[in-house]
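Here is the structure we will look at, set down as structure tokens.
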Amino acid sequence: MTDPLLALMVWLSPAFPVGGYAYSHGLEQAVEDGDVTDPASLEVWLEEALSLGLGRNDAILLQAAQRAAAAGDLTALKEANELALAFAPTRELHLETAQQGRSFLDAVLAAWPNDALRTIASELSGEIAYPVAVGAASAAHGIAGETAAAAYLAALTQALVSAGVRLAPIGQTAGAAIVARLTPLARRLAAEGAGLTLDDLASSTFRLDLGSARHQTQYTRLFRS
């Protein structure tokens, strides 16, 4: 029998085969533009990206998907997924969520299969947004939506800090300290997202979105987004 919380830890670890190391969610362009130059500016950039866009929206989408999957409402699950994919503002950010979502669902289905997840996978056979995939898999394995969302956002924070360490003059210890300070934000966004619906999705990270569009033509780069 699968321990759901241990499974969640494995699913969201950097070693899980979703290719997260290849994406920076616009952070590479922010470094190129001089918006992120040191630990302090990285922390500000991450806090705003999470609270004003990516983090808040993914918390809402993940928990909406978890509720729909737990209730067996596959129509609502598909609607959440379609909205999540449409909400990606640029080609690169669409690729980031869709590629990781498909890889995540395929890997969980192969290693932790059950009937509920097989049914979900059969309905979501095309592109699937990453937070929707995590929410659906969590429901199939009895993991509460808020728990999954908090863990997902903490892992996302760690992944983006890791990208920042590779891109800017930021040491690993400083990066770990940023993760520690932002972990309460992950918990707060997950808790707030539990009481919100898809109608509450919103974003005001305009510089990040425009930077992501410019990143597509950046001459040299380490990341796909």
Side-chain angles (χ1 to χ4, degrees), residues 1-12 16-20 25 50-89 93-156 186-203:
M1 181 177 180
T2 300
D3 183 316
L5 293 181
L6 286 179
L8 184 61
M9 291 172 63
V10 174
W11 297 347
L12 297 174
F16 203 65
V18 299
H25 200 79
L50 291 169
S51 61
L52 301 178
L54 169 69
R56 180 181 182 274
N57 286 339
D58 279 5
I60 295 171
L61 290 163
L62 189 154
Q63 293 181 83
Q66 194 275 346
R67 290 191 296 268
D73 189 344
L74 298 180
T75 298
L77 179 61
K78 291 171 71 174
E79 289 176 352
N81 184 52
E82 290 170 0
L83 184 57
L85 292 169
F87 223 77
L93 295 180
H94 181 100
L95 173 67
E96 178 179 292
T97 194
Q99 184 274 315
Q100 290 186 88
R102 172 49 53 195
S103 297
F104 177 88
L105 187 59
D106 289 348
V108 173
L109 185 62
W112 287 269
N114 64 24
D115 290 341
L117 193 57
R118 291 189 188 95
T119 300
I120 289 167
S122 69
E123 290 294 321
L124 298 174
S125 57
E127 290 186 328
I128 177 169
Y130 191 21
V132 172
V134 175
S138 297
H141 285 276
I143 301 171
E146 187 174 334
T147 299
Y152 171 91
L153 292 179
L156 175 62
R187 170 60 71 186
R188 177 173 64 80
L189 291 172
E192 291 175 357
L196 301 175
T197 71
L198 297 178
D199 290 337
D200 296 302
L201 291 170
S203 177

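Side chains included, hydrogens not; waters and symmetry mates left out as well; all remaining heavy atoms used.
Contact detail for Ser103 and Val18: the closest heavy-atom pair is CB-CA, 3.8 Å. Nearest heavy atoms, Ala140 versus Ile120: CB-CD1, 4.3 Å. Across every non-hydrogen atom of Ala69 and Ala136, the tightest pair is CB-CA, 4.0 Å. Closest heavy-atom contact between Asn81 and Ile128: OD1-CA, 3.2 Å. Taking every heavy atom of both residues into account, His141 and Trp11 meet most closely at CD2-CH2, 3.6 Å. Closest approach of Gly193 and Ile60 over heavy atoms only: CA-CG1, 4.3 Å.
Rounding to the nearest 0.5 Å places CG of Leu201 at 9.0 Å from CG of Leu196. Rounded to the nearest 0.5 Å, atoms CG (Leu50) and NE2 (His25) are 8.5 Å apart. Atom-to-atom distance recorded for Leu189:CG and Leu156:CG is 10.5 Å, nearest 0.5 angstrom. Here the CZ-CG distance, from Phe87 to Asn57, works out to 5.0 Å after rounding to the nearest 0.5 Å. The structure places CG of Leu74 at 7.0 Å from OG1 of Thr119, a figure rounded to the nearest 0.5 Å. Atoms CE and CG, from Met9 and Asp3 in turn, are 9.5 Å apart once rounded to the nearest 0.5 Å.
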Next on the checklist: If you apply the rule side chain to side chain contact (heavy atoms under 4.5 Å, CB included), what do you find for Leu52 with Arg56, and how did you get there?
Outcome noted: CA-CA 7 Å; Leu52 301 178; Arg56 180 181 182 274; over 6 Å; no
Next on the checklist: Would Leu62 and Asp58 count as a side chain to side chain contact (heavy atoms under 4.5 Å, CB included) here? Give the steps.
Outcome noted: CA-CA 6 Å; Leu62 189 154; Asp58 279 5; 5.8 Å; no
Next on the checklist: Set out, in order, the CA-CA distance, both residues' side-chain angles and the distance that settles side chain to side chain contact (heavy atoms under 4.5 Å, CB included) for Phe104 and Val134, then state yes or no.
Outcome noted: CA-CA 7 Å; Phe104 177 88; Val134 175; 3.8 Å; yes
Checklist entry - Does the side chain to side chain contact (heavy atoms under 4.5 Å, CB included) test come out yes or no for Val108 and Phe16, once each step is laid out? => result CA-CA 10 Å; Val108 173; Phe16 203 65; 3.8 Å; yes
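With Gln63 contributing its side chain and Ala190 its backbone, the two residues share a donor-acceptor pair below 3.5 Å. Here the side chain of Thr97 pairs no donor or acceptor atom with the backbone of Leu93 at under 3.5 angstrom. The backbone N or O of Glu96 lies less than 3.5 Å from a partner atom in the side chain of Gln100, making a donor-acceptor pair.
Here Asp200 pairs with nothing under the salt bridge (Lys or Arg N to Asp or Glu O under 4.0 Å) rule; sequence neighbours left out. Taking Arg188 as the reference, Glu192 meet the salt bridge (Lys or Arg N to Asp or Glu O under 4.0 Å) condition, with sequence neighbours excluded. With sequence neighbours excluded, no residue forms a salt bridge (Lys or Arg N to Asp or Glu O under 4.0 Å) with Asp199. A search for salt bridge (Lys or Arg N to Asp or Glu O under 4.0 Å) contacts involving Arg187 returns nothing, not counting sequence neighbours.
Sorted by first then second residue, the side chain to side chain donor-acceptor pair (under 3.5 Å) pairs that include residues 120-129, not counting sequence neighbours, are His94-Glu127. The stretch residues 136-148 participates, sequence neighbours left out, in no salt bridge (charged side-chain N to carboxylate O under 4.0 Å, His left out) pair at all.
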